[in-house]
Amino acid sequence: MSIATPIAPVRDLQAYKSLSNDELQARINAVRRQLGPRLLILGHHYQQDEVIALADLTGDSYQLSQMAAASRDCRYIAFCGVHFMAETADILANRPEKLAERDGQRVTVILPDMAAGCSMADMAAIHQIESAWDQLAEVIDTSDVTPVTYINSAASLKAFVGRNGGIVCTSSNAKAALQWAFARTRRVMFFPDQHLGRNTAMGMGVPLDEMPLWDPYADELGGNTEDQIERSRVILWKGHCSVHQMFRPEHVAAFRQKHPGIKILVHPECPREVFELADESGSTGKIIKTVEAAPPGTKWAIGTELHLVNRLKQQHPEQEIHFLSPVVCMCATMYRIDLAHLAWSLENLAAGTPVNVIEVDEETARWSLVALERMLEVK
Ligand code: 13P
Ligand code: SF4
């Protein structure tokens with residue numbers, strides 16, 4: 001395919017929106033050839049197929065963090081995912097030992113569309129977390145509480161966790177992270193995803209009545225009594241994923257009735273009522289591996305983001321794969337990353353006029369790194 005001459009001015013995103021996918025692909029590939037191993041395109045499993053096809057590496061949040069942390073030759077990361085993932089990549093790729101190896105040269109991390117956020121991450125702001133921590137300190141000894149933040153959170157929350165002896169977890173190491181925390185303190189404060197926290201802790205035997213839900217908009221103690229807080233083992237933040245909360249127990253029941261023998265496979269961000277009914281659960285990486293390992297003819301109803309389930313369906317015609325919900329559950333913010341934004345941001349990068357650069361400030365990065373390194377050690 002021939003490579004068209006660059007659009008001038010390079011910064012005009014609108015001009016890219018009218019190009020065909022073939023042309024956009026050609027432009028993206030031209031930048032990939034020009035930058036060679038200095039450019040790493042990372043893609044989360046929820047990205048649309050056209051984007052996945054152009055990614056150098058794909059993975060779940062844990063794997064993508066490992067990839068960013070391990071990057072050697074690359075000087076630029078284009079993160080096809082959401083904002084907190086790009087922040088994490090910036091922190092890990094530019095940690096002090098990596099900067100020293102590169103004589104101080106930073107890896108530039110770009111997020112092709114700055115509007116690609118995570119609605120769950122937005123449900124916990126740093127001032128709310130700090131206020132909750134201060135309120136808890138009036139009732140319990142917070143030196144006996146380990147804060148655990150799901151990686152789906154702003155870097156400021158990860159820094160809070162790092163400063164306060166806590167750890168970052170992902171959906172693939174949440175149990176190990178809670179074990180790590182319980183080896184240190186009697187209690188855990190888990191944010192922002194109540195479902196991942198509850199599902200994981202329940203699996204470890206923590207009873208529901210020892211897991212109060214902290215509502216940041218409640219007047220006092222997150223809507224709890226002092227007694228509830230005193231009895232708590234895991235204080236859950238009232239946050240959730242708007243995509244995964246759409247999966248309902250009645251969807252599981254309908255599939256089981258219509259397709260005897262079907263297996264239900266869900267992401268742990270699903271509500272407890274669904275998670276408990278599932279045969280298997282895990283991160284997006286584990287969901288993929290589970291399907292890959294299953295024999296032909298296996299029937300699945302999968303409860304996670306639509307693009308990933310549709311891709312699994314295409315890749316595994318030897319199995320019968322269904323989407324667990326009758327309604328469309330897709331991550332609208334992940335979907336914002338398209339070929340037009342990718343081509344626009346990459347051509348700007350190649351032209352020396354980078355756009356949408358994600359750079360976490362030094363102090364926040366330093367403390368976030370403490371909590372992220374613990375995450376990478378715990379699996
Ligand atoms: P994974 O770490 O399982 O890929 O999950 C990321 C995410 O945002 C799920 O909603
Ligand atoms: Fe956030 Fe949910 Fe989208 Fe994952 S699927 S990025 S948790 S909104």
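Any value given below was found using the heavy atoms of this structure, including those in side chains, with hydrogens, waters and symmetry copies removed. Whatever order the structure lists them in is the order used to number ligands and atoms, beginning at 1.
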Using a strict cut-off of less than 4.0 Å between a Lys/Arg side-chain nitrogen and an Asp/Glu carboxylate oxygen, indicate whether Lys98 and Glu101 qualify as a salt bridge.
yes

Tyr46 heavy atoms within 4.0 Å reach ligand 1 at atoms 7 (C), 9 (C), 10 (O)

Please tell me if the side chains of Arg231 and Gln228 come closer than 4.5 Å, counting only heavy atoms from C-beta onward.
yes

Report the part of Glu305 in contact with ligand 1, treating N, CA, C, O as backbone and CB onward as side chain, heavy atoms under 4.0 Å; options are side chain, backbone, both, neither.
neither

Presence of salt bridge, Lys158 and Glu87, under 4.0 angstrom
no

Mind checking whether Trp133 and Val145 have side chains closer than 4.5 Å, heavy atoms only?
yes

Ion pair present between Glu23 and Arg27, side-chain N to carboxylate O less than 4.0 angstrom?
yes

What residue and heavy atom of the protein are closest to atom 9 (C) of ligand 1, and at what distance?
Glu269 OE2, 3.1 Å

Quick one, Leu308 and Ile288 - any side-chain contact, counting heavy atoms below 4.5 Å?
yes

Counting only protein N, O or S atoms (no waters) closer than 2.8 Å to atom 1 (Fe) of ligand 2 gives 1

How are the rings of Phe323 and Phe247 set relative to one another: parallel (under 30°), tilted (30 to 60°) or perpendicular (over 60°)?
perpendicular

Numbered atoms of ligand 1 (with element) below 4.0 Å of Asp60, judged on heavy atoms:
1 (P), 2 (O), 4 (O)

Which is it for His45 and ligand 1 at heavy atoms under 4.0 Å: side chain, backbone, both or neither?
neither

Check each atom of ligand 1 against the heavy atoms of Ser283 and keep those under 4.0 Å away; list them by number with element.
3 (O)

The protein heavy atom nearest to atom 8 (O) of ligand 1 is Asn152 ND2, 3.1 Å

Ranking Pro268, Cys241, Ser171 by closest non-hydrogen atom to atom 3 (O) of ligand 1, top hit is Ser171

Where is the nearest protein heavy atom to atom 2 (O) of ligand 1: which residue, which atom, and how far?
Ser61 OG, 2.8 Å

Within-shell test, His244 vs ligand 1, heavy atom, strictly < 4.0 Å:
yes

List every atom of ligand 2 that sits less than 4.0 Å from any heavy atom of Glu269, numbering the atoms from 1 in the order shown and giving each element.
2 (Fe), 7 (S)

Measure His44 to ligand 1 on non-hydrogen atoms and call it side chain, backbone, both or neither using the 4.0 Å cut-off.
side chain

Find the distance between CD (Glu305) and CD1 (Ile287) and round it off to the nearest 0.5 Å.
11.0 Å

I'd like to know if Lys17 and Asp338 make a salt bridge, using a cut-off of under 4.0 Å between side-chain N and carboxylate O.
no

Non-hydrogen side-chain atoms of Leu99 and Arg106 separated by less than 4.5 Å:
yes

Any atoms of ligand 2 less than 4.0 Å from a non-hydrogen atom of Tyr46? List them with their elements.
5 (S)

Applying side chain to side chain contact (heavy atoms under 4.5 Å, CB included) between Phe84 and each of Leu157, Asn152, Thr149, Ile358, report the one that passes.
Asn152

Can Asp49 and Arg311 be counted as an ion pair, charged N to O under 4.0 angstrom?
yes

Nearest protein heavy-atom contact for atom 5 (O) of ligand 1: which residue, which atom, what distance?
His267 NE2, 3.4 Å

Classify the ring geometry between His322 and Phe255 as parallel (under 30°), tilted (30 to 60°) or perpendicular (over 60°).
tilted

